[in-house]
Amino acid sequence: MVSVTQLQRQYAEYTTSLYHEGYLNDQFMQLQKLQDESDPDFLVGLVSVFVDDSKKLLDTLTTAFQQKTVDYKQVSLHVHRFKGSSSNIGAQRLMRVCVLFINYCKEKNLDGCLWCLQQANHEYILVRSKFKALFKLEKQILKAGGSIPMME
């Protein structure tokens, strides 16, 4: 059986890799600091809302590009929302794709927008799986009687 110390080390290494690989930024670290014993599921709840909302936004964007005429202004509004929620949760790579997406919307560049939509879907799936793995490690640490190490 894996010890609490080993799990905590895995957690710290995994979290550090998420920052180094650009999946997460300091905003996520700030959210982690807001979590305490009074609301242990605070961050899981925020991420769950982000994941659900992001899926809906991606579905909406996909539908928008299936129309005969693309309403770039409406698409841009959805992408701005997506960028904001990505930024709020600290999903840095996803946020960067949204910035590029917004620029392509301004240019009414269909190929660029479709590429960004594909990239946004890809980054969403990646960051969702990274969050899932992180929270799985958290559960294992807590179940073993340990505490979640805070990142500096």
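This chain uses plain numbering: 1 for the first residue, then up along the sequence. Atom set for the values below is all heavy atoms of this structure, side chains included, hydrogens, waters and symmetry mates excluded. In this text, all values refer to a predicted model and were calculated from it rather than measured experimentally.
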Trainee: When Ile, Leu, Val, Met, Phe, Trp and Tyr are grouped by side-chain heavy atoms lying under 4.5 Å apart, directly or through other members, which residues fall in the same group as Val49?
Mentor: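 Hydrophobic cluster check, Val49: no partners found.
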Trainee: Within 45° of the ring axis of Tyr23 and under 6.0 Å from its six-membered ring centre, is that where the NZ or CZ of Lys130 lies?
Mentor: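 Verdict for Tyr23: a cation-pi partner in Lys130.
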Trainee: Could you check whether any side-chain N or O of Gln67 sits under 3.5 Å from a backbone N or O of Thr63, counting only pairs where one atom can act as donor and the other as acceptor?
Mentor: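 Yes, because the side chain of Gln67 sits within donor-acceptor range (under 3.5 Å) of the backbone of Thr63.
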Trainee: Test your reading of the model: is there a side-chain donor-acceptor pair from Thr15 to the backbone of Ala12, 3.5 Å cut-off?
Mentor: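 No.
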Trainee: Of all the heavy-atom pairs spanning Leu58 and Ala120, show the shortest one and how long it is.
Mentor: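 So the two residues come closest at CD2-CB, 4.0 Å.
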Trainee: Please test Gln27 against Ile89 for side chain to side chain contact (heavy atoms under 4.5 Å, CB included), starting from the C-alpha separation and ending with a verdict.
Mentor: CA-CA 6 Å; Gln27 177 62 24; Ile89 205 76; over 6 Å; no
Trainee: State, with a plain yes or no, whether a side-chain heavy atom of Gln74 is found less than 4.5 Å away from one of Leu77.
Mentor: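 Yes, close enough: below the 4.5 Å cut-off.
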Trainee: Counting only heavy atoms not in Arg128, do more than 12 sit closer than 6.0 Å to its CZ atom?
Mentor: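 Yes - once you tally the heavy atoms of other residues, nucleotides and ligands closer than 6.0 Å, there are more than 12.
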Trainee: Does Gln8 use its side chain to pair, donor to acceptor, with the backbone of Ser147 at less than 3.5 Å?
Mentor: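 Yes: the side chain of Gln8 pairs with the backbone of Ser147.
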Trainee: How are the rings of Phe50 and Phe131 set to each other: parallel, tilted or perpendicular (split at 30° and 60°)?
Mentor: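 Aromatic pair Phe50/Phe131 classed perpendicular.
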Trainee: Verify, without hydrogens or angle tests, whether Ser76 (side chain) and Tyr72 (backbone) share a donor-acceptor contact under 3.5 angstrom.
Mentor: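 No.
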Trainee: Any side-chain to backbone donor/acceptor pair from Asp41 onto Val44? Under 3.5 Å, distance only.
Mentor: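 Checking the backbone N and O of Val44 against the side chain of Asp41, no donor-acceptor pair under 3.5 Å is found.
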Trainee: State, to 0.1 Å, how close Tyr14 and Ser129 come at their nearest heavy-atom pair, and which atoms those are.
Mentor: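 Looking at all heavy atoms of both residues, the shortest contact is OH-O, 4.4 Å.
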Trainee: Within the 4.5 Å heavy-atom criterion, are Phe101 and Gln119 side-chain neighbours or not?
Mentor: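 In short, these two side chains do not touch, never coming nearer than 4.5 Å.
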Trainee: Going by an N to O cut-off under 4.0 Å, is there a salt bridge joining Lys55 and Asp59?
Mentor: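 Result for this pair is yes, salt bridge flagged.
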Trainee: Does Glu21 offer a backbone N or O that forms a donor-acceptor pair with the side chain of Arg93 under 3.5 Å?
Mentor: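 Yes: the side chain of Arg93 pairs with the backbone of Glu21.
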